[in-house]
Amino acid sequence: MNLNHLNLQQREAVQNINGPMMILAGAGSGKTRTLVSRISYLLEEKNISPFQLLALTFSNKAAKEMRDRIGREVSCDVGALQITTFHAFCAKMLRTEAQYLGLSKSFTIYDGSESKAVVKTILQRRGISQKDVSPFEVLYFIEDLKNHGHYPDRNMEGKDYTVDTADMFFDMYLDYERELHKANALDFGGLITAVIQLFEKFPDVLLRYQERFHYLLVDEYQDTNRAQFDLVTKLAQIKRNICVVGDEDQSIYSWRGADIRNILDFEEVYNDARILKLEQNYRSSKNIIEAAGAVISRNTQRKGKDMWTDNPEGESIEIVECHSDKEEAEFVATQIRELSKDKHPYDEMAVFYRTNSQSRLIEDALRKANIPYRVVGGIKFYERKEIKDLLAYVRIVVNDKDSLAISRIINVPARGIGATSLRKIEDEAVKTESTMWEVLQNIVDNPEEYKHIRLTTRVKSSLSHFVQFIHDAKVAMNKGDSPSDIYEKLLHESGYYEMLRASKDYESMARIENLEELGNAISQFEEANPKLGLLEFMETITLDTSVKGEEGEEDSGEVSLMTIHGAKGLEFFYVFVTGTEENVFPSYRSLESGEEAIEEERRLFYVAMTRAMKILYITFSQGRMLFGQLKFNGPSRFISEIPNKYYRWKKIGGGYQDRSSNFDSDDDSKWDNFSDPIYDEPVYRVESSPSKKPESKYQKGLRIVHGLYGEGKILDCEGPKGDERVTIQFKDGAKKKFMAKFAPLTVL
DNA sequence: TCGACGATCGTTTTT
DNA sequence: CGATCGTCGA
């Protein structure tokens, strides 16, 4: 096998197949190429059976790419190769081993919104108002436990994680787990912890898998959480051929439980581990790589890599300062136009932002400029209400214990079964320890015995119809009707289609189209997998949330818009990083929560920078509408962390001095709302008081004039010289806070 | 049961 | 600003 296309380190990563190894693969270092070669090498040179390999990734996209590329390189049967996501791997194993854990093979997988719904019902049942305890908080607590590999009776000794069983939330967690078990369901985290449980309670099962997988590979290792680490460690225990690949500088999911310690402590866990660094970047210009390197070097939580490149120096980074968010978007559009005039195709360009809500203005500007674009991410197809509704019907048919699905659609479309009736049915289910489906069946089949559930005749007759058509669909499924036939049946007999057709508004029409699209998806699935049924279809879509795939999305001739999180793993010739302002990027939340969070934001910034191959534009705006208010946040600290020599700074429109007049002529209605920043607390606490600060020109008590508010007095001033935040009391009594260098202030 | 209306409160989201 | 949620009245 020819490995000449690889550099020295890459080759070592390929050929060093035995024992634990961690590959620290920097951005653009040819990671996928290396991994693909490694697997090919194992298969072709070392004659390892595909059956004995396991490669775990985080996204379906990554798994698919790797599989495709290996398929092209290798002649042996790739079909048996396990290259899959953590979650899909676990789901598959749990379906085969379901009986051990008292699950049925047909368990459903709950996504985040369904988990949240379960938490809500638990809170309700306990009579806790959502105002007092937000379901989100509870869910976060539960996820945190699961991220650390906890399951209800797990002994966490020696796990470096303490569980407070006295916490009221812990009780709710137990409730939650019971609820899911009753529904024959698992959430995302539960897929992982259930496998850990399986391994710990049934060592013989574990042994089977340990002996099967001779070679383990974990991609995006920096994003693993403790549970996943546990799982992999267990699997690798006997053969010890575990290769993990990651980049601590691209760890941007710690808020989702990714534990950077998995990387930082790898050598402690495997003391004979080999550590390899892939530090040559093949993607970006020298300017970009060195600038990004300078920024990330400020982080303390790293193993430390020094990326370098043989690529040419390239263009300077463009830092672009705009007046308003609108103007920023217009700049992006104009610049894209320019690039396009120079014959650069649109699909080589991407616009990044920190939060999804920022896409709106960019979209407006691009649309106005007639630039084709697509928004990557955002509202996903399978998260749309109508899709979730129909899928809830499907879920009931597949797994009638799924009471959550029943509650979701029992009155959609309206059947006159309101909250009160639903409550009665749920109560009965809890009381008799049965599922809602059983209760419904009983009410319909033995109305006499169930008279104590006081339901109106109208409700009873609706229920009867509901039970009947679900039952029919189940029968159809069992006798082998095709998934798409069953889907059509549900769509029409539920009355859902009719409900949408009846209301003729634009929105309903779009929904009908989506439901037809769902039908197509099912038909396609059916054709591709004739042996599989609705259950498997459901699993694919809950575990693969990729956006409704239009064919040929690769070279679409469109500019890509996405959050930076969504951009990880991608590359573009021309990249715009927008909204690079304090409180936006880094986000105000991270600023509030301290240095670790800021380091993660810095990694995010690093990821953004290193997506660019040729030209990197970093834009920010002096003023920005946030939560309906105009804010002056000032440029992001990350901009100041880029050494001067790598960038050119460009101001769009006028300078600071004539700002207020510019503002006035810009868009009057908008600036009418001009008001103080909402983040009144000092966000800069962290670095606000070095021992000797140079004298600020904004002293307390000083009288000033503000371009818009008029005359006032400085009440307080904090922050270093040149970067002060001043609190000013105006003549009308209003107190407002500004960043001095951006506010139109004149000292009197 | 269901809609309308006002209060509230805002990241990121591979699975 | 805008989505989401809870309350209230018909």
Side-chain angles (χ1 to χ4, degrees), chain A residues 56-64 84-91 109-113 115-116 120 124 129-131 134-136 143 146-147 186-192 219-220 222-225 227-228 250-258 325 352-358 360-361 376-380 382-383 411 414-422 456 458-459 462 539-547 562-570 579 583-593 597 600-601 603-604 607-608 624-631 669-670 673 678-679:
Chain A
L56 294 173
T57 66
F58 275 81
S59 66
N60 291 290
K61 201 169 84 183
K64 185 176 181 304
T84 173
T85 64
F86 267 99
H87 297 266
F89 172 71
C90 291
I109 299 168
Y110 281 1
D111 70 11
S113 66
S115 304
K116 195 172 157 207
K120 276 188 185 171
Q124 241 164 46
S129 156
Q130 289 190 33
K131 269 183 291 180
S134 103
F136 210 71
E143 276 172 5
K146 297 192 173 197
N147 284 338
L186 287 171
D187 59 13
F188 285 136
L191 287 169
I192 314 286
D219 191 16
E220 303 287 11
Q222 75 280 355
D223 292 334
T224 48
N225 59 34
Q228 288 157 334
Q250 293 185 69
S251 164
I252 53 175
Y253 283 103
S254 74
W255 50 275
R256 279 229 332 46
D325 40 12
F352 300 158
Y353 30 79
R354 179 64 235 270
T355 65
N356 278 311
S357 61
Q358 289 166 251
R360 194 182 228 106
L361 283 174
V376 180
I379 335 108
K380 298 197 183 71
Y382 290 108
E383 285 166 9
N411 199 33
R415 300 186 172 90
I417 305 165
T420 334
S421 308
L422 182 63
T456 62
R458 208 174 96 82
V459 168
S462 303
E539 176 162 322
T540 340
I541 59 172
T542 33
L543 291 184
D544 183 355
T545 61
S546 58
V547 195
M562 63 190 95
T563 64
I564 300 156
H565 284 89
K568 201 175 80 167
L570 304 177
N583 291 323
V584 177
F585 188 12
S587 84
Y588 67 97
R589 290 249 179 174
S590 299
L591 288 171
E592 277 165 7
S593 70
E600 177 141 330
E601 297 269 347
R603 291 193 288 269
L604 197 56
V607 168
R624 174 176 304 272
M625 290 303 279
L626 282 173
F627 307 143
Q629 283 182 305
L630 179 64
K631 305 283 173 23
S669 60
K670 180 161 151 185
N673 302 334
I678 47 168
Y679 312 111

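Because the structure is a prediction, the values reported are computed rather than measured. Chain naming here is simple, since letters A, B, ... match the order of the sequence lines and numbering starts at 1 in each.
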Item to check | A:Y353 side chain to A:M562 backbone, donor-acceptor under 3.5 Å | outcome: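 Side chain of A:Y353 to backbone of A:M562, a donor-acceptor pair under 3.5 Å: yes, one is there.
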Next on the checklist: Quick one: does any side-chain atom of A:Q358 pair with a main-chain N or O of A:T355 as donor and acceptor, under 3.5 Å?
Outcome noted: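 Indeed, once roles are kept as given, a pair shorter than 3.5 Å links the two residues.
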Item to check | Interatomic distance, A:Q358 CD vs C:dG2 P [rounded to whole Å] | outcome: 15 Å
Mind checking if [X] touches a base, just sugar-phosphate, or nothing, with heavy atoms under 4.0 Å?
{"X": "A:A62", "result": "nothing"}
{"X": "A:G416", "result": "sugar-phosphate"}
{"X": "A:S421", "result": "sugar-phosphate"}
{"X": "A:K146", "result": "nothing"}
{"X": "A:I192", "result": "nothing"}

Next on the checklist: Dot-bracket, 5' to 3', for DNA chain B please: Watson-Crick or G-U pairs under 3.5 Å, [ ] where pairs cross earlier ones, | where the partner sits on another strand, dots elsewhere.
Outcome noted: ||||||||||.....
Checklist entry - Parallel, tilted or perpendicular: which describes the rings of A:F58 and A:F86, with under 30° parallel and over 60° perpendicular? => result tilted
Checklist outcome for this item: Here the gap from A:K568 atom NZ to A:T563 atom OG1, rounded to the nearest 0.5 Å, amounts to 11.5 Å
Item to check | Chi angles and distances behind the side-chain contact (heavy atoms from CB on, under 4.5 Å) call for A:I109, A:F188 | outcome: CA-CA 7 Å; A:I109 299 168; A:F188 285 136; 4.0 Å; yes
Checklist entry - A:S254 pairs by side chain to side chain donor-acceptor pair (under 3.5 Å) with which of A:Q222, A:E600, A:R603? => result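 When side chain to side chain donor-acceptor pair (under 3.5 Å) is applied between A:S254 and each of A:Q222, A:E600, A:R603, only A:E600 qualifies.
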Checklist entry - How would nucleotides 5-14 of chain B be written as a contact map, 5' to 3', with B for base contact, S for sugar-phosphate-only contact and - for no contact, using protein heavy atoms under 4.0 Å? => result -----BBBBB
With a 4.0 Å cut-off, would you call [X] and [Y] a salt bridge?
{"X": "A:D111", "Y": "A:K116", "answer": "no"}
{"X": "A:E592", "Y": "A:R589", "answer": "no"}
{"X": "A:D187", "Y": "A:K146", "answer": "yes"}
{"X": "A:R256", "Y": "A:E143", "answer": "no"}

Show each protein N/O and nucleotides 8-10 of chain C N/O combination with a separation under 3.5 Å, one pair to a line.
none

Item to check | Proximal nucleotide (of C:dC5, B:dT15, B:dC2) relative to the A:A414 side chain | outcome: B:dC2
Next on the checklist: With nearest nucleotide decided by heavy atoms, which residue, A:L422 or A:F188, maps closer to the 5′ end of DNA chain B?
Outcome noted: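 Closer to the 5' end of DNA chain B: A:L422.
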Say you pick atom [atom1] in [N] and the same atom in [M]; how far apart are they, in whole Å?
{"N": "B:dT12", "M": "C:dC5", "atom1": "C1'", "result": "23 Å"}
{"N": "B:dT14", "M": "C:dA3", "atom1": "C1'", "result": "25 Å"}
{"N": "B:dT11", "M": "C:dG6", "atom1": "C1'", "result": "25 Å"}

Next on the checklist: Restricting to non-hydrogen atoms, name the atom on A:I192 and the atom on A:C90 that form the minimum distance, rounded to 0.1 Å.
Outcome noted: CD1-SG, 3.9 Å
